[in-house]
Novice: 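Before we start, here is the structure in question, set down as structure tokens.
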Amino acid sequence: MSYIVAIDGPAGAGKGTITKLVAKDLGLVSIDTGMLYRCHALAILRNNINLSNDKEIEDMLDKIKIELKNNNNKQTVFLNGEDVTSEIRMPEISKVVSKTSSILGVREKITNLERKIGYEWLKQGKNIIMEGRDITTVVFPEADVKIYLDATPIERAKRRCRQNKRNGINQSFNEVLQSIMERDKNDMNKKVGALKKAPDAIYVDSSKSNVNKIKQKIIKIIRQKTKENKNENIKKDIKSNS
């Protein structure tokens, strides 16, 4: 039986990197939900939509086509058939997406899209791993494995600076740190889809560990939880048939 791994956590905690590595090692289908929101934010910028006009922002989702594709464990996102994987990582997109992702109608529509993508893979017998801000609490509260991946703001700012440098984005450390702290405040206080740890999610702090150690820790959690769930299902089957 296919299973779902859901990973939540703040921006820069390493969710994207860890999810891809775990997916590769365990043969899971990786789904980066943040790419969907960023793709929508890009469409808002390109169409010069007023950020105070919630209706136009929401309606834009009905006028565009967003697709996620997985090729050799590399995920790409397409906006109306155009590969915008690199463009959605620009700093201006981060500023817009914090606003647009807070709109109730936008979250409802993208949450439905996330579920649709996830269930399509499950129907094909694939195990999936999905990361974001509210995957364990809103999108897939029934996930078989729930993890909250965290790190200190300073560590996350360092990581984001390294990522920006690789992508040719020039932004000072203080600017990045300030942006992350503001993003945390906004994300944790959203009326819908707020960033929070699900009661049954396993907390993992990545601040002082390297990527490989965190990857191995999460793989161990996944194997242990899926084994426990399998044993529990067997017990239920025995009980129902006795």
Side-chain angles (χ1 to χ4, degrees), residues 8-13 15-16 19 30-70 74-118 120 130-135 137-139 156-157 160-161 163-164 166-172 175-196:
D8 283 337
K15 302 186 300 297
T19 295
S30 171
I31 303 173
D32 181 352
T33 61
M35 296 178 86
L36 302 176
Y37 284 100
R38 285 176 170 272
C39 195
H40 170 242
L42 175 60
I44 295 301
L45 277 181
R46 286 184 172 182
N47 288 275
N48 298 311
I49 302 298
N50 190 326
L51 291 181
S52 63
N53 193 324
D54 289 3
K55 187 177 186 306
E56 284 194 15
I57 291 173
E58 179 184 342
D59 288 347
M60 180 57 63
L61 280 167
D62 299 322
K63 301 175 183 178
I64 60 176
K65 183 178 181 181
I66 301 175
E67 298 174 282
L68 284 181
K69 297 183 179 180
N70 283 276
K74 181 180 180 182
Q75 194 159 97
T76 51
V77 63
F78 290 78
L79 173 60
N80 296 328
E82 176 191 355
D83 185 346
V84 294
T85 308
S86 297
E87 193 171 354
I88 63 169
R89 295 300 176 185
M90 298 298 287
E92 52 266 36
I93 299 297
S94 298
K95 294 177 182 178
V96 173
V97 77
S98 183
K99 157 65 179 174
T100 58
S101 64
S102 301
I103 299 171
L104 177 59
V106 170
R107 294 206 70 82
E108 288 179 342
K109 289 180 179 180
I110 292 187
T111 291
N112 289 335
L113 178 57
E114 292 167 347
R115 288 174 178 155
K116 180 182 178 182
I117 293 171
E120 283 176 351
M130 183 178 285
E131 59 94 355
R133 190 184 73 207
D134 60 353
I135 310 305
T137 55
V138 177
V139 182
R156 288 186 279 131
R160 185 54 55 88
C161 282
Q163 183 184 54
N164 286 347
R166 289 194 298 270
N167 293 329
I169 299 171
N170 185 24
Q171 202 175 16
S172 72
E175 287 177 322
V176 173
L177 178 60
Q178 183 64 30
S179 176
I180 281 178
M181 293 177 71
E182 290 177 0
R183 174 81 178 270
D184 285 352
K185 184 179 179 180
N186 290 336
D187 287 350
M188 291 177 180
N189 291 283
K190 290 182 185 295
K191 293 181 179 180
V192 180
L195 172 65
K196 59 183 178 180

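We count residues from 1, following the sequence as given.
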Novice: Which pairs pass salt bridge (charged side-chain N to carboxylate O under 4.0 Å, His left out) with one or both residues in residues 36-48, sequence neighbours excluded?
Specialist: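 Sorted result for residues 36-48: Arg46-Glu82, Arg46-Glu87.
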
Novice: Residues two or more places apart in sequence or in another chain: which of them pass side chain to side chain donor-acceptor pair (under 3.5 Å) with Lys63?
Specialist: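 Partners of Lys63 under the side chain to side chain donor-acceptor pair (under 3.5 Å) test: none.
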
Novice: Just to verify, what does Lys99 make a salt bridge (charged side-chain N to carboxylate O under 4.0 Å, His left out) with, not counting sequence neighbours?
Specialist: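 For Lys99, the residues satisfying salt bridge (charged side-chain N to carboxylate O under 4.0 Å, His left out) (neighbours in sequence not counted) are Asp54.
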
Novice: Any non-hydrogen side-chain atom of Leu45 less than 4.5 Å from a side-chain atom of Ile93?
Specialist: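 Of all side-chain heavy-atom pairs linking Ile93 with Leu45, at least one is under 4.5 Å.
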
Novice: Return all side-chain donor-acceptor pairs below 3.5 angstrom for residues 103-110, not counting sequence neighbours, or 'none' if the list is empty.
Specialist:
residue, atom, partner, partner atom, Å
Arg107, NH1, Ser101, O, 2.8
Arg107, NH2, Tyr37, OH, 3.4
Arg107, NH2, Asp134, OD1, 3.3
Arg107, NH2, Asp134, OD2, 2.8
Lys109, NZ, Asp62, OD1, 3.3
Lys109, NZ, Asp62, OD2, 2.8

Novice: Residues in side chain to side chain contact (heavy atoms under 4.5 Å, CB included) with Lys65, at least two apart?
Specialist: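 Only Glu67, Asn80 meet the side chain to side chain contact (heavy atoms under 4.5 Å, CB included) criterion with Lys65.
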
Novice: Atom CG in Asp8, atom NZ in Lys196: separation rounded to 0.5 Å?
Specialist: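 Going from CG on Asp8 over to NZ on Lys196, the span is 10.5 Å.
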
Novice: Does atom CE (Met60) have a neighbourhood of more than 12 heavy atoms from anything else shown, all under 6.0 Å?
Specialist: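 Yes.
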
Novice: Counting neighbours of CG on Asn189 that are heavy atoms of other residues, nucleotides or ligands and sit closer than 6.0 Å, is the number greater than 12?
Specialist: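 Correct, the count exceeds 12.
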
Novice: Excluding sequence neighbours, so at least two apart, what forms side chain to side chain contact (heavy atoms under 4.5 Å, CB included) with Ser172?
Specialist: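 So Ser172 forms a side chain to side chain contact (heavy atoms under 4.5 Å, CB included) with Asn174, Glu175.
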
Novice: Could you work out, with side chain to side chain donor-acceptor pair (under 3.5 Å) as the rule, every residue matching Ser102, not counting sequence neighbours?
Specialist: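 For Ser102, the residues satisfying side chain to side chain donor-acceptor pair (under 3.5 Å) (neighbours in sequence not counted) are Lys190.
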
Novice: Tell me, please, which residues at least two apart from Asn48 pass side chain to side chain contact (heavy atoms under 4.5 Å, CB included).
Specialist: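 In terms of side chain to side chain contact (heavy atoms under 4.5 Å, CB included), with neighbours along the sequence ignored, Asn48 is linked to no residue.
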
Novice: Taking the side chain as everything from C-beta on, heavy atoms only, tell me whether Asn167 gets closer than 4.5 Å to Ser86.
Specialist: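 Heavy-atom side-chain distance check fails, nothing below 4.5 Å.
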
Novice: Does some side-chain heavy atom of His40 sit less than 4.5 Å from a side-chain heavy atom of Ile44?
Specialist: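 The answer is yes; the side chains approach within 4.5 Å.
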
Novice: Where is the tightest heavy-atom contact between Ile169 and Pro91, given as atom of each residue plus distance?
Specialist: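 So the two residues come closest at CG2-CG, 3.3 Å.
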
Novice: Mind listing the closest non-hydrogen atom pair of Val176 and Ala157 along with its distance?
Specialist: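 Distance-wise, the nearest heavy atoms are CG1-O, 3.7 Å.
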
Novice: Please lay out, stage by stage, how Asn164 and Asn170 fare under the test side-chain contact (heavy atoms from CB on, under 4.5 Å).
Specialist: CA-CA 7 Å; Asn164 286 347; Asn170 185 24; over 6 Å; no

Novice: Quick check: do Ile64 and Ile66 have side-chain heavy atoms less than 4.5 Å from each other?
Specialist: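 They are in side-chain contact.
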
Novice: Are the side chains of Arg166 and Gln163 in contact, using a 4.5 Å heavy-atom criterion?
Specialist: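 Answer yes - side chains close enough.
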
Novice: For a quick test of reading the model, state the closest non-hydrogen atom pair linking Ser98 to Asn186 and the distance between them.
Specialist: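 Where Ser98 meets Asn186 most closely, the heavy atoms are OG-ND2, 3.5 Å.
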
Novice: Who passes salt bridge (charged side-chain N to carboxylate O under 4.0 Å, His left out) against Asp184, sequence neighbours left out?
Specialist: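 Expected list: Arg156.
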
Novice: Could I get the full list of salt bridge (charged side-chain N to carboxylate O under 4.0 Å, His left out) partners for Glu56, not counting sequence neighbours?
Specialist: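 Once residues adjacent in sequence are excluded, Glu56 has no partner under the salt bridge (charged side-chain N to carboxylate O under 4.0 Å, His left out) criterion.
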
Novice: In chain order, what residues pass the salt bridge (charged side-chain N to carboxylate O under 4.0 Å, His left out) check against Arg160, with sequence neighbours excluded?
Specialist: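 For Arg160 there are no salt bridge (charged side-chain N to carboxylate O under 4.0 Å, His left out) partners, ignoring immediate neighbours.
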
Novice: By side chain to side chain contact (heavy atoms under 4.5 Å, CB included), which residues pair with Met35, not counting sequence neighbours?
Specialist: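 If we apply the side chain to side chain contact (heavy atoms under 4.5 Å, CB included) test to Met35, skipping adjacent residues, the hits are Asp32, Leu68, Gln75, Val77, Thr85, Ile88, Arg89.
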
